[in-house]
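The block underneath contains the structure these notes are about, expressed in structure tokens.
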Amino acid sequence: MCGIFGLITNQDIEIGKIILEGIKRLEYRGYDSCGIVAQHNSKLYVKKDAGKINEIHKRLKLDEFPFGTKLGLAHTRWATHGPPTKINSHPHLDCNEKIAVLHNGILENFFELKEELERKGHIFRSETDTEIFPHLIEEYMKTGIDFKFAVSEAMKRCKGAYGLAICHAEYPDQIIVVRKESPLVIGLEEGKTTYCASDIPAFLPYTRECYILDDNEMAVLAAGYVDFYDIDNLTNPKEKEKQIIQWSIDAAEKGGYKHFMLKEIYEEPSAMRRTLKISKETLQIFARILWGAKNIYITAAGTSYYACLAGKFIITKFLHKYIEAIECSEFQTQLGDALQEDSVIIAVSQSGETVDTIEAIRWAKEKLKNNVKILCITNVVGSSLTRYSDYVIVTQAGPEIGVAATKTYCTQVLTLALIGLEIAKFRKILTKEEIDNYYHALNSTPDIIETFLQENIDLIKDIVKNLDKSHNFFYLARGISIATAREGGLKLKEVACRFIEGYSAAHAKHGPISLVREGFPIIFIAPPDETYERLLGNVMEFKARGGMIISVVVEDDRLITGFSHRTIRIPQPSDKYFSLFSPITFIPALQLLSYYAALKNGLDPDQPLNLAKTVTVH
Ligand code: F6R
């Protein structure tokens with residue numbers, strides 16, 4: 001995955017500065033190299049290199065554009081074809097250095113096209129798939145057709161996924177963008193400036209008016225104006241619905257925090273308060289569909305998958321039907337012909353752009369000739385996943401920039417819990433008092449997290465200090481908290497580069513316990529639910545073998561606390577209503593632990609090694 005940002009304007013604005021700031025807001029999408037192109041006086045000016053944006057900026061002054069430039073594009077890369085080097089960085093140019101292309105995605109038939117173009121005399125400079133595009137467009141322009149028609153012809157030859165931004169030295173009034181399976185959005189300051197980006201936060205400080213490009217669409221951007229086309233019909237521009245983005249500008253900035261990850265953890269209470277206001281009607285639709293379903297599957301990747309594990313536990317409690325959770329990348333291979341008509345699939349994705357999640361849904365729809373219902377939970381309005389779904393809930397986390405998902409996890413579990421409670425209501429399986437108690441507990445989750453964040457930072461830092469030398473850990477739990485252990489484990493792996501296994505405490509006795517030696521850190525997730533007593537037994541077993549026990553418990557816990565070396569207390573009552581939602585209220589402790597462990601290890605938690613926020617390649 002990569003990030004693209006660009007603009008075309010008729011205003012006297014500091015275009016270099018805006019482009020640099022904009023691309024920095026997309027650095028979460030990839031950060032192994034970066035480049036910019038400015039179009040001025042029939043020439044293209046390119047600066048690019050391998051490394052992070054700030055390092056390259058120090059060397060190349062990325063914000064210094066030729067005086068009077070009105071059109072510029074920038075790219076931040078997460079390498080797929082060819083290592084992160086200067087030559088492989090975007091933009092890529094054609095032979096005559098007239099056409100510049102910036103690409104997010106993968107061109108699948110690139111070997112075949114490269115051979116064809118080389119036979120025609122094109123000289124390639126890089127190892128990337130992206131470089132095919134400028135040469136192919138150049139080839140079509142040689143036949144005498146206009147820039148946008150050449151782009152359209154070139155696209156007809158290309159297989160794979162692409163979001164492209166293209167400019168031409170001799171077309172000062174146009175940026176052309178096209179989309180197939182990789183996100184692209186257009187921002188408009190009517191009559192003045194038009195922006196293109198891989199994600200909305202890049203232009204949010206300048207405009208809230210936004211258009212979301214669909215697959216196989218082209219947009220031709222002029223200053224303060226934009227035309228949309230189907231890629232194979234450029235004669236008539238098409239109408240597109242404008243979206244007004246409600247996110248605050250602050251949400252896309254660090255706002256005084258050292259890292260987005262920390263800021264986004266602190267935003268959890270407000271993100272959840274907004275998500276608690278999701279329309280009752282939509283929740284009821286989801287609830288009724290699940291109640292009527294023959295088979296139910298829930299699918300996602302990474303953190304979203306762990307949210308599914310917690311959510312399916314809560315929904316099953318009230319639905320009394322089995323919900324199978326399948327990692328999206330295995331959806332097709334695991335289900336195959338077992339996928340039956342009248343199934344319902346819940347697809348969960350923060351970005352709505354994870355390629356394996358989208359592919360799982362597309363495969364199911366194709367196989368069952370649409371005789372399947374897709375319920376989608378995403379954080380991004382208009383994302384690709386929403387287009388393949390029958391019903392959509394948009395979580396209200398606001399933009400999440402930190403590569404490690406934090407606040408969106410809380411809002412995903414919360415949304416699934418709200419669906420679960422809707423089911424409990426219409427099935428009338430609980431008394432009014434019980435329903436009220438569950439709602440009270442769920443509505444209290446933002447306050448619990450807020451209080452926890454106010455009171456526990458020093459404790460977490462201190463625990464991290466003492467864990468400093470440990471390279472291996474366990475997070476152990478039972479029941480619903482296994483989801484918390486796995487998500488906590490994922491956070492520590494990705495941001496702190498520590499190996500940790502999030503595991504079932506019961507299952508850990510069937511092998512993993514053999515790793516435990518004196519001082520081996522084991523973090524037990526221990527809300528006072530029906531698994532608590534058995535978990536206490538596991539705590540004692542691991543302690544007896546020398547494990548250093550850190551427990552995450554509720555405020556007035558006594559038993560497990562008594563066997564622990566360190567304790568993190570979550571300020572919530574000790575009852576079953578609150579415990580059911582502990583995947584939401586316990587996770588901030590583990591997120592903070594990972595955050596401070598990353599700092600302790602000298603790592604940047606916002607930009608973990610080898611990762612990008614959204615995985616749009618298989
Ligand atoms: C981990 C993380 C990833 C994502 C995963 C799915 O912190 O962010 O594991 O959860 O790539 O992404 P979405 O939810 O956008 O489909």
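This structure is a prediction, so every number in the text was calculated from the model and none was measured. As the structure lists them, so they are numbered: ligands from 1, and atoms in each ligand from 1. No hydrogens, no waters, no symmetry mates; every other heavy atom, side chains included, goes into these values.
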Please write down residue, atom name and distance for the protein heavy atom closest to [atom].
atom                    : result
atom 3 (C) of ligand 1  : T303 N, 4.1 Å
atom 5 (C) of ligand 1  : A301 O, 3.6 Å
atom 12 (O) of ligand 1 : T354 OG1, 3.3 Å
atom 15 (O) of ligand 1 : S351 OG, 2.6 Å
atom 11 (O) of ligand 1 : K613 O, 4.1 Å

Within the supplied structure, the quantity of interest is the number of heavy atoms (other residues, nucleotides, ligands) at a distance under 6.0 Å from [X] [atom1]; does it exceed 12?
X    : atom1 : value
K24  : NZ    : yes
Q454 : CD    : yes
K365 : NZ    : yes

Discussion item. With heavy-atom distances below 4.5 Å as the criterion, would you say the side chains of F473 and R498 are in contact?
Written reply: yes
Would [X] count as a polar contact of ligand 1, with the cut-off being nitrogen or oxygen pairs under 3.5 Å?
X    : result
G352 : no
S349 : yes
Q350 : yes

Practice prompt. Give a yes or no on whether a salt bridge exists between D214 and K240, defined as a side-chain N under 4.0 angstrom from a carboxylate O.
Written response: yes
Fill in: Heavy atom of E353, distance to ligand 1 below 4.0 Å
no
Worksheet item: Who's closest to atom 1 (C) of ligand 1 heavy-atom-wise, of E400, M261, Q591, E494?
Response: E494
Can a donor-acceptor pair be found between the side chains of [X] and [Y] at a distance below 3.5 Å?
X    : Y    : answer
S551 : R569 : no
T303 : Q350 : no
T282 : S279 : yes

Worksheet item: Can F5 and F203 be said to form a ring-ring contact (aromatic ring centres under 6.0 Å, His included), step by step?
Response: CA-CA 8 Å; F5 177 63; F203 55 67; 7.3 Å; no
Discussion item. With a heavy-atom distance limit of 4.0 Å, tell me whether V403 approaches ligand 1 through its side chain, its backbone, both, or neither.
Written reply: backbone
Quick one: which ligand 1 atoms are inside 4.0 Å of a heavy atom on [X]?
X    : result
A404 : 7 (O)
G302 : 9 (O), 10 (O)
S304 : 10 (O), 13 (P), 14 (O)
K491 : 1 (C), 7 (O)

Worksheet item: Looking at P608 and V403, what are the two nearest heavy atoms and their distance?
Response: CD-CB, 3.6 Å
